[in-house]
Amino acid sequence: SYGAMPITVDDLSKADGLVPMSNSEMAQAWIRPGTDFSDYSAYVLLSTRFAFRESGRRNHDSYPLTDAQKEALLELVPTEVSEELDRLETLTLSHSAGAHVLLLQISVLDVVSHVPPEPAGRGATFVRTLGEATLAIELRDSMTGELLASAIERREVCSSSVRRSNRVWNRTEVRNAAERFGASMRKQVEQF
């Protein structure tokens, strides 16, 4: 789902009772002191939350996403992330809350494109960076709803060289970026 978000980037960094983790996989991570994640054996993966930057361009090379770009993200990110989470060694996927089960919430916030609208006619657009987003995870106890840990990171989807923008290349780069995010998120969960 996407649209109005009940959570913001600031909310993740100000959660009551959490303390910063040093040397975390993601740029910033927080954990509730005394939490013993070895008590948990499974997780429920909640629907990924999205928030797209619609207006108020912050600089000259940021553009709101088109509906087609949004739909591609809504399809690619959850698929790639869930495939990566299947590789967790200490937790298994569950479909219901219960004792020893975590709720895992993924949020993709402030998503913006750096790809300008397609030019009319024979024009072409060349880009290195397709866009950026703030990626976040939250782990909660499934019985109490208590927030146990969270992590956040701003990431760009970029190539090693300037490339001609087209739907096929752009989609492949976004899929690869979603896979990398999933791997970082899996490592962060394992680190918690």
Side-chain angles (χ1 to χ4, degrees), residues 1-13 24-29 42-55 58 61-88 91-95 102-118 127-140 147 149-160 163 165-192:
S1 63
Y2 68 92
M5 293 293 298
I7 191 168
T8 66
V9 171
D10 288 337
D11 292 335
L12 289 170
S13 63
S24 59
E25 172 68 25
M26 294 177 70
Q28 294 176 290
Y43 69 97
V44 172
L45 183 59
L46 302 174
S47 295
T48 303
R49 299 184 296 192
F50 288 85
F52 299 99
R53 189 186 303 169
E54 296 296 338
S55 60
R58 293 186 184 167
D61 67 344
S62 296
Y63 306 92
L65 274 75
T66 65
D67 288 341
Q69 290 169 323
K70 289 177 185 177
E71 290 302 318
L73 284 175
L74 292 171
E75 173 194 338
L76 292 173
V77 172
T79 300
E80 294 301 322
V81 169
S82 65
E83 285 180 12
E84 190 63 38
L85 287 173
D86 286 343
R87 297 178 53 208
L88 279 168
L91 298 170
T92 59
L93 181 63
S94 175
H95 296 289
L102 292 165
L103 298 178
L104 177 55
Q105 177 69 66
I106 302 163
S107 299
V108 183
L109 309 169
D110 193 29
V111 181
V112 65
S113 173
H114 293 304
V115 178
E118 290 185 16
V127 296
R128 176 176 296 210
T129 303
L130 292 175
E132 59 187 285
T134 298
L135 310 167
I137 59 173
E138 294 176 295
L139 291 171
R140 295 181 181 272
L147 181 60
S150 65
I152 190 168
E153 184 169 274
R154 185 81 179 161
R155 291 237 182 131
E156 290 185 329
V157 177
C158 51
S159 174
S160 59
R163 298 283 306 255
S165 175
N166 65 60
R167 289 185 184 144
V168 173
W169 178 74
N170 295 356
R171 186 176 177 91
T172 300
E173 289 298 307
V174 169
R175 181 185 310 275
N176 292 339
E179 185 179 317
R180 287 190 302 272
F181 169 53
S184 290
M185 188 176 58
R186 176 182 51 79
K187 291 173 187 173
Q188 183 65 63
V189 170
E190 289 170 347
Q191 191 177 44
F192 285 137

Check whether any side-chain heavy atom of [X] sits under 4.5 Å from a side-chain heavy atom of [Y], and report yes or no.
X: Leu73; Y: Lys70; answer: no
X: Met185; Y: Glu84; answer: no
X: Leu103; Y: Tyr43; answer: no
X: Leu85; Y: Leu93; answer: no
X: Gln105; Y: Arg140; answer: no
X: Phe50; Y: Val77; answer: yes
X: Leu91; Y: Leu104; answer: no
X: Ile137; Y: Met26; answer: yes

Does a salt bridge link Lys187 with Glu190, judged by any charged N lying under 4.0 Å from a carboxylate O?
-> no
Full working for side-chain contact (heavy atoms from CB on, under 4.5 Å) between Leu74 and Thr48 = CA-CA 8 Å; Leu74 292 171; Thr48 303; over 6 Å; no
Looking at [X] and [Y], would you say the former's side chain and the latter's main chain have a donor-acceptor pair under 3.5 Å?
X: Glu138; Y: Ala151; answer: no
X: Gln191; Y: Glu25; answer: yes
X: Glu179; Y: Glu80; answer: no

side-chain contact (heavy atoms from CB on, under 4.5 Å) evaluation trace for Leu102 with Phe192 = CA-CA 12 Å; Leu102 292 165; Phe192 285 137; over 6 Å; no
What are the two closest non-hydrogen atoms of Leu109 and Arg154, and how far apart are they?
-> O-NH1, 3.6 Å
Here the pair of heavy atoms bringing Val108 nearest to Ala133 is CG1-CB, 3.9 Å
Between CD on residue Glu153 and CG on residue Leu135, distance to nearest 0.5 Å | 7.0 Å
